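Proteins get letters first, then strands, A, B, ... in listed order; numbering begins at 1 in each. As a basis for the values below, the full set of heavy atoms in this structure was taken, side chains included, without hydrogen atoms, waters or symmetry mates. Quick caveat, the model's predicted, so the values are computed rather than measured.
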There are 2 protein chains.
Amino acid sequence: MALRHAVLAALLDDEYSGYQLAKAFDISVANFWHALPQQLYAELARLEADGLVVGREVVQETRPNKRLFRVTEAGRAELERFAEAASKPSSIRDDLLVKVQTADRVGTGPVIEQLEQRAAAAGAKLELLGKLLDNMRGDTDEAEYLLRGERVGRYLTCLRGLAFEREHRDWCLRTAAVLRERQQTDAER
Amino acid sequence: MALRHAVLAALLDDEYSGYQLAKAFDISVANFWHALPQQLYAELARLEADGLVVGREVVQETRPNKRLFRVTEAGRAELERFAEAASKPSSIRDDLLVKVQTADRVGTGPVIEQLEQRAAAAGAKLELLGKLLDNMRGDTDEAEYLLRGERVGRYLTCLRGLAFEREHRDWCLRTAAVLRERQQTDAER
DNA sequence: GCATCATACTCAAGAAAGTGACTAGTCACA
DNA sequence: TGTGACTAGTCACTTTCTTGAGTATGATGC
């Protein structure tokens, strides 16, 4: 039930509409919890029914009206409870790893391609996260920001994302190289 | 639907019973796709119904009989198709990250504790994976194994797991340290 | 002037994953 | 003699995630 808490966490920073939340999720929260807009709308409705967030209608002239949500005291207390409860162990859970597992025996070619696409995607995300971090930090240096900056939680999770993407990119490239080399070696025999 | 293919991938190496598969999953495949025994039994039943694996009954004297499964030609073809299909982008998906996101505002204490527990768990897994890799490699060096070793797929996914756990451990320790320092600083004011 | 994009949502259905409880025999140990 | 751990699995249920479609309006581009 962490989507629920991820939404609460995101709303702790700011009031958001479902639509805005979907965008915000895409850039920062998506690092560690991805969700489609439909899920977010559904979750917001449930959170409101449970009294953990409240929505207020904002009438707009030139665009459709929207509902902005903010966390209630009960919502904050729920986050508190959540923080105290045990976390489940994390693991990678990646299609591509399943494919690599058998890549030396079935369908090596397409896997190499996918590894290289992934590496490129990870590289792009890496850059994006780098900029996001620069932005949050402003012109204070990192040590100072970590010690006294605001919203350090978000900064720390982005650091995790950054490390993950870097690691992911490097592994994809290395793995692609290994599989390519092996194809070469096989062909020579 | 990658659990399905993770199971097929695991059965490609060896015949397994559901029970054995659950154990095997726990040590190697779990790096990138975790599942409970019940899920594996259910998946095996579905795979058999679809003709992608076949089971054979093995009568045992001193323990309950078991059914060993192996991949059929259709199963192999299914893996082939799977390898060619696009993979969905991977992300971290971790409870603890959600907690860290708000850790500077709600319940810092328990989050620090959990980070340190996680770091320890990651350290343990790191060691385990290190041993597994040593074991697979035997006494050939890594470059040589990667070029010519058997089951290099499994080796490569374990390398990914290793990097993930190391990164995870380091980040947990650093994050715990940062949050602790901030508590200190806050207390001084 | 028409197409497409952006805002702002909703509904329904289905697939995948996760949880809890339960059966049943064997073996070791104290 | 019973307590717990290990082998080997089954059944039922719930939650979560994904997919696909649909509604409505205004703004932007060619």
Is there side-chain contact between A:Leu115 and A:Trp171, with heavy atoms separated by less than 4.5 Å?
-> yes
May I ask you to decide whether A:Asp13 forms a salt bridge with B:Arg105, counting only side-chain N to carboxylate O separations under 4.0 Å?
-> yes
Kindly write out the residues that satisfy ring-ring contact (aromatic ring centres under 6.0 Å, His included) with B:Phe164, not counting sequence neighbours, or none if the list is empty.
-> B:His168
In terms of heavy-atom contacts, does CD of A:Gln60 have more than 12 from other residues, nucleotides or ligands at under 6.0 Å?
-> yes
Might you confirm whether atom CD of B:Gln183 has over 12 heavy atoms from other residues, nucleotides or ligands at distances under 6.0 Å?
-> yes
Close approaches to DNA chain C from residues 7-18 of chain A, in residue order (heavy atom, under 4.0 Å) | A:Ser17, A:Gly18
Starting from the 5' end of DNA chain D, give me the residue, B:Arg67 or A:Arg63, whose nearest nucleotide shows up first.
-> B:Arg67
For A:Glu57, look at atom CD and say whether over 12 heavy atoms of other residues, nucleotides or ligands are found less than 6.0 Å away.
-> yes
Roughly, in whole Å, what's the span from NZ in A:Lys23 to C1' in C:dT7?
-> 8 Å
When you list every nucleotide of DNA chain D with an atom under 4.0 Å from a heavy atom of chain A, which one comes first 5' to 3', and which comes last?
-> D:dT16 to D:dA27
Stretch residues 32-49 of chain B: residues that reach within less than 4.0 Å of DNA chain D through a heavy atom | B:Gln38, B:Tyr41
Please list, by residue number, the residues of residues 80-94 of chain B whose heavy atoms come closer than 4.0 Å to an atom of DNA chain C; answer none if no residue qualifies.
-> none
Can you find a pair of side-chain heavy atoms, one from B:Tyr16 and one from B:Lys23, that are under 4.5 Å apart?
-> no
So, B:Glu165 and B:Arg169, do they make that salt bridge, N to O below 4.0 Å?
-> no
Go through the steps for A:Tyr155 and A:Leu146 under the test side-chain contact (heavy atoms from CB on, under 4.5 Å), then give the verdict.
-> CA-CA 8 Å; A:Tyr155 193 87; A:Leu146 287 173; 3.7 Å; yes
Any side-chain heavy-atom pair from B:Gln101 and B:Val98 closer than 4.5 angstrom?
-> no
Which atom of B:Val152 lies closest to which atom of A:Asp104, heavy atoms considered | N-OD2, 3.2 Å
Would you say A:Asn31 and A:Lys125 make side-chain contact, with heavy atoms under 4.5 Å?
-> yes
Only distances under 3.5 Å count here; give the side-chain donor-acceptor pairs of residues 106-114 of chain B to other protein atoms, sequence neighbours excluded, each with its distance to 0.1 Å.
unit_1, atom_1, unit_2, atom_2, d
B:Thr108, OG1, B:Ala103, O, 2.6
B:Gln114, OE1, A:Ser87, OG, 2.5
B:Gln114, OE1, B:Lys99, NZ, 3.0
B:Gln114, NE2, A:Ala83, O, 2.7
B:Gln114, NE2, A:Ala85, O, 2.9

